[in-house]
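The structure under discussion appears below in the form of structure tokens.
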Amino acid sequence: MNGIRRMRRIPVMFSVALLPLALAACGSSAATDGSGSGSGGQSSGRNPDVLTVAQIPSENSTTLKEAREPLTKLLEKQTGKKIAFQNATSYAAVIEAMRAKKADIGFFGPDSYVTAKDTGVNLDVMAASVDTKNGSATYQSYAIVKADSPVKSLKDYRGKKVCFVDPNSTSGYLYPQAGLADAGIDTGKDIKTVMAGGHDASVLAVMNGQCDAGFADDSMINETLPQAGKLKKSDYRIVWKSKEIPDSPAAVAGDLDPALKQKIVDTFDTKANTDYMVAHGFCAKASDCLNGGSWGYKKVTDALYASVRKVCDITKKCTSAH
């Protein structure tokens, strides 16, 4: 599967409710909060009737909605809760939704997770998706140009209009910034920056001539767009690949009721995989279970993202969600 697991893949598996999310900093908490309910009216954490899930933008909402049903049903069964899904308009929106207790589960890019964690958002990382049972939770950023482009390497990006994904995107902005710096490109002076808003949008903008070159995660180029009939191998060239990047994590709100939180963690750790989901009827065959060919989820810890923090320190490009 060419190591295809990324910020696009983890989030694309929930439906039930699709709620637009720009910034979740106002109003009430994630859902009807059951804090204080139960025996004796005591609870050691939030226990909402509906678990709200927030996802970084990557693909269009229709495509995402079609891919979420099996994992939605699995989470509902294991937690006894309904799932409400928020399709965020930006990476920062997911960070702020978790910060404001508007979301109970968040799907992040590596950079946006690090930003959230390091700016005080109360969350705990759970898992990242893998292609195979024993696969590695890593991926890469690709630099893409049209097949007939004169650009041969990142050095040739000078003077070009370049599509990135989002300032909080790891493979769509942070690692490309490091790569361009290594190639001697001053991104503040040598290129015209365009924020496409999604990995698919970045690639398609290059293919449509809106940008001379661009960046996206490897799975968007290798798998997602080709499978959708929107990209042919003969249409483009890859002129740069990043080092392996820790894959995009799923995180759970740290202030949830411990028993509920453990159910969510256990679901990702032991059940959110094609083996379990097919065996228990959540999907008919492996290819129907999780979007993008993922086998399932692998437990990860915060320590995995130390390399992302290192790139943040080197590039000074990581953004604060405040």
Side-chain angles (χ1 to χ4, degrees), residues 9-19 24 28-56 64 67-86 94 97-108 113 116-117 121-130 133 137 247-283 289-291 294-302 304:
R9 179 169 296 175
I10 291 180
V12 294
M13 301 129 188
F14 299 84
S15 57
V16 183
L18 188 63
L19 309 175
S28 58
S29 58
T32 302
D33 195 337
S35 298
S37 63
S39 178
Q42 298 297 318
S43 175
S44 56
R46 290 191 301 111
N47 196 352
D49 297 328
V50 178
L51 289 173
T52 303
V53 182
Q55 172 212 311
I56 57 174
L64 294 174
R68 299 175 192 125
E69 193 65 27
L71 190 54
T72 297
K73 291 179 178 179
L74 174 64
L75 273 173
E76 289 186 333
K77 181 175 177 61
Q78 296 304 314
T79 64
K81 306 288 186 179
K82 289 293 184 180
I83 302 296
F85 189 83
Q86 295 182 330
V94 177
M98 294 292 285
R99 191 190 307 280
K101 300 180 182 181
K102 296 292 185 178
D104 307 299
I105 299 171
F107 289 99
F108 295 88
Y113 162 70
K117 188 72 173 178
V121 178
N122 185 4
L123 53 77
D124 296 307
V125 68
M126 295 187 292
S129 66
V130 293
K133 189 172 185 177
D247 215 328
S248 302
V252 61
D255 66 337
L256 287 179
D257 175 78
L260 173 59
K261 181 178 173 183
Q262 193 59 50
K263 288 179 182 178
I264 297 169
V265 172
D266 288 346
T267 299
F268 279 92
D269 195 21
T270 65
K271 298 177 177 65
N273 60 72
T274 56
D275 294 346
Y276 182 93
M277 294 172 75
V278 170
H280 291 81
F282 291 98
C283 40
C289 295
L290 301 172
N291 185 63
S294 171
W295 172 81
Y297 293 85
K298 181 177 183 178
K299 184 177 181 179
V300 297
T301 66
D302 181 76
L304 178 65

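Remember, it's a predicted structure, so these values are computed and weren't measured experimentally.
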Can Lys298 and Asp247 be counted as an ion pair, charged N to O under 4.0 angstrom?
no
Side chains of Thr79 and Leu51 in contact at under 4.5 Å (non-hydrogen atoms):
yes
Report yes or no: does Ser294 contribute a side-chain atom to a donor-acceptor pair with the main-chain N or O of Val130 at less than 3.5 Å?
yes
Contact between Tyr297 and Leu71 at the side-chain level, heavy atoms closer than 4.5 Å - yes or no?
yes
Could you please spell out the steps behind the side-chain contact (heavy atoms from CB on, under 4.5 Å) verdict for Tyr113 and Leu123?
CA-CA 9 Å; Tyr113 162 70; Leu123 53 77; 3.4 Å; yes
How close do Val50 and Asp104 get, counting heavy atoms only, and between which atoms?
O-OD2, 3.6 Å
Please name the pair of heavy atoms, one in Gly296 and one in Leu290, separated by the smallest distance, quoted to 0.1 Å.
CA-CD1, 3.4 Å
Please find the pair of heavy atoms, one from Phe268 and one from Phe107, that lie closest to each other, and give the distance.
CZ-CZ, 3.9 Å
Go through Val265 and Gln262 one step at a time and tell me if the side-chain contact (heavy atoms from CB on, under 4.5 Å) criterion holds.
CA-CA 5 Å; Val265 172; Gln262 193 59 50; 4.2 Å; yes
Here the gap from His280 atom NE2 to Leu74 atom CG, rounded to the nearest 0.5 Å, amounts to 9.5 Å
Please find the pair of heavy atoms, one from Thr274 and one from Cys289, that lie closest to each other, and give the distance.
CG2-CB, 3.8 Å
Relative to the ring of Tyr276, is the ring of Phe282 parallel (under 30°), tilted (30 to 60°) or perpendicular (over 60°)?
parallel
Minimum heavy-atom separation for Leu256 to Ile264, with atom names?
CD1-CD1, 3.9 Å
How long is the straight-line distance from NZ of Lys73 back to SG of Cys283, given to the nearest 0.5 Å?
10.0 Å
Might you point out which heavy atoms bring Lys263 and Gln78 nearest each other, and give the distance in Å?
CD-O, 3.6 Å
So, Lys261 and Asp124, do they make that salt bridge, N to O below 4.0 Å?
yes
How long is the gap from CG on Asp255 to CG on Asn122, to the nearest 0.5 Å?
5.5 Å
Please list, chain by chain and in numerical order, all residues satisfying side-chain contact (heavy atoms from CB on, under 4.5 Å) with Lys133, sequence neighbours excluded.
Asp275, Trp295
Give a yes or no on whether a salt bridge exists between Lys117 and Asp302, defined as a side-chain N under 4.0 angstrom from a carboxylate O.
no
Hey, are the side chains of Thr72 and Phe85 touching, using non-hydrogen atoms and a 4.5 Å cut-off?
no
What I'd like to find out is whether the side chain of Asn47 reaches to under 4.5 Å of the side chain of Lys81, using heavy atoms alone.
yes
Does some side-chain heavy atom of Met277 sit less than 4.5 Å from a side-chain heavy atom of Lys271?
no
